[in-house]
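Read through the structure below, which is laid out as structure tokens, and then see the notes.
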Amino acid sequence: MTVVVYGPLSRPDTDCIGSRVHTARPGRRNRGWVSVSLDIGDAISNGVDSVTDRNGLVLFGVFAAFGLVNTVVGQSLLTAYFEFLRGSFESMPPGTGMGGSPFPFAPGSQPTPLALPLPLSVSALLVFVLAVLSEALRIVGIRVVASDERETIPAAATERLGRTTLTAVLAAIVVNVAVGIGTVALLLPGLFLAVSFYFVRPAIALEGVGVVDALSRAWELASGNRVDLFLLLVLVWFVSLLASIPSTVVTLVSPLAGSLVGVVVNAAVLVFGIAVATDAFLQIRDAEESGVGAVSADSEFFEESEDL
């Protein structure tokens with residue numbers, strides 16, 4: 001049996017269901033009431049809705065532009081790295097290791113049509129900068145998706161962005177290391193940790209917690225929901241896998257066109273993934289916090305920001 005819990009909301013545009021109220025939000029799941037269990041279909045459906053509404057399209061455009069820059073820099077780094085390897089390889093004295101042998105990778109063997117002739121150090125620095133910027137954009141994306149606002153980007157989406165981004169970067173390092181070690185040691189621990197820490201970034205973006213508290217909060221929300229979260233992750237992964245097919249096929253014909261198609265597809269998949277994770281986070285958090293004195297999960301951050 002699915003237990004449905006109703007809680008009061010702070011928004012004025014409400015109508016009544018029995019003795020409780022809920023907020024009507026056209027085109028999206030009503031967050032005024034929540035189920036104690038994760039509704040995977042709801043999360044996927046709202047993920048699709050978030051890609052197609054106006055704010056979702058704005059996010060898509062931003063991530064597509066960022067993805068293009070990221071692809072150019074990534075391909076430039078790969079090209080510079082192979083040039084570095086080739087120089088090191090050819091400078092080895094004959095008879096020393098592979099010295100005197102031709103470099104095993106011919107120029108242009110790697111599909112990098114968007115690469116720029118950047119030094120290896122510059123490319124590496126830009127990759128680091130873009131990784132940090134990527135976290136900032138994801139934080140903004142989570143807040144935009146969680147907002148009640150569907151037509152304009154809320155100003156609160158960029159509140160305390162520098163500090164929040166730094167926290168997200170540090171948390172991402174911790175999670176990636178933990179999941180990596182768990183995966184190398186044995187696949188199942190890695191999957192378990194990936195599911196357990198699925199909500200680290202939404203917790204940081206919407207609740208403003210630090211690294212340790214974000215890890216603890218994500219673990220807490222995942223407890224009792226790990227099977228559903230694992231299935232949700234598999235579905236998101238499967239969608240991203242299907243979405244990658246067009247760019248892979250196009251790359252066989254034209255690496256340049258394939259890179260551009262990949263940028264567009266990856267941006268759409270990224271917005272979809274952010275929306276799905278955010279919706280799942282809000283579902284579970286709403287269920288946990290619903291009751292007397294509870295507030296709408298998707299407005300809490302924004303109401304708090306207005307009081308600052």
Side-chain angles (χ1 to χ4, degrees), residues 59-141 165-166 168-170 172-177 179-181 183-184 190 194 201 236-237 239-274:
L59 289 176
F60 166 75
V62 171
F63 279 112
F66 174 82
L68 179 59
V69 175
N70 198 43
T71 300
V72 170
V73 172
Q75 291 188 7
S76 300
L77 176 62
L78 182 62
T79 300
Y81 179 66
F82 270 91
E83 284 298 315
F84 169 77
L85 288 181
R86 184 170 66 85
S88 301
F89 191 88
E90 293 176 350
S91 64
M92 298 175 65
T96 305
M98 297 293 291
S101 302
F103 187 59
F105 299 100
S109 60
Q110 300 300 315
T112 55
L114 296 175
L116 297 176
L118 299 176
L120 180 60
S121 58
V122 173
S123 299
L125 177 61
L126 288 176
V127 166
F128 172 77
V129 172
L130 290 175
V132 175
L133 181 57
S134 174
E135 282 296 332
L137 292 178
R138 289 168 186 262
I139 293 298
V140 172
T165 299
L166 177 60
V169 169
L170 295 176
I173 293 173
V174 173
V175 171
N176 288 333
V177 169
V179 172
I181 293 176
T183 303
V184 171
R201 190 180 284 117
V236 172
W237 172 81
V239 169
S240 65
L241 181 64
L242 289 178
S244 68
I245 294 177
S247 61
T248 303
V249 173
V250 174
T251 299
L252 297 177
V253 179
S254 170
L256 176 58
S259 295
L260 296 177
V261 171
V263 166
V264 174
V265 171
N266 289 340
V269 171
L270 184 54
V271 175
F272 171 75
I274 289 173

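Basis for what follows: all heavy atoms, side chains included, without hydrogens, waters or symmetry-related copies. What you are looking at is a predicted structure, and each value in this text was computed from that prediction instead of being measured. Count residues from 1 along the sequence.
With no hydrogens or angles considered, a side-chain donor-acceptor pair links Thr112 and Thr79 at under 3.5 Å.
Contact between Ala80 and Pro119 at its shortest, heavy atoms only, is CB-C, 4.3 Å. Taking both residues in full, the closest heavy atoms of Leu114 and Gln75 are given as N-OE1, 2.7 Å, listed atom of the first, atom of the second, then distance. Heavy atoms only, all atoms of each residue included: Leu242 and Pro246 are closest at O-CD, 3.6 Å. The minimum heavy-atom distance linking Val269 with Ser240 is given by the pair CG1-CB, 3.6 Å. For the residue pair Gly258 and Ser247, the shortest heavy atom distance occurs at O-CB, 3.7 Å.
Taking 4.5 Å as the limit, some side-chain heavy atom of Phe63 sits within range of a side-chain heavy atom of Ile274. Looking at heavy atoms from C-beta onward, Asn70 lies out of side-chain contact with Val127 at the 4.5 angstrom threshold. Annotation: side chain of Val73 is not in contact with side chain of Leu77 (no heavy-atom distance under 4.5 Å). Between Leu270 and Phe60, every side-chain heavy-atom pair lies at or beyond the 4.5 Å cut-off. At least one side-chain heavy atom of Val169 sits less than 4.5 Å from a side-chain heavy atom of Ile173.
Atom-to-atom distance recorded for Glu83:CD and Leu78:CG is 10.5 Å, nearest 0.5 angstrom. Taken from CD1 in Ile181 to CG in Asn176, the straight-line distance is 11.0 Å, to the nearest 0.5 Å. Distance check, rounded to the nearest 0.5 Å: OG1 of Thr71 to CG of Asn266 gives 7.0 Å. Note that the CG atom of Leu130 and the CG atom of Leu125 stand 9.5 Å from one another [nearest 0.5 Å]. The CG atom of Leu133 lies 5.0 Å from the CZ atom of Phe66; values are rounded to the nearest 0.5 Å.
Formation of a donor-acceptor pair under 3.5 Å by the Ser76 side chain with backbone atoms of Leu116 is found in this model. Looking at Ser254, its side chain never comes within 3.5 Å of a backbone N or O of Thr251 through a donor-acceptor pair.
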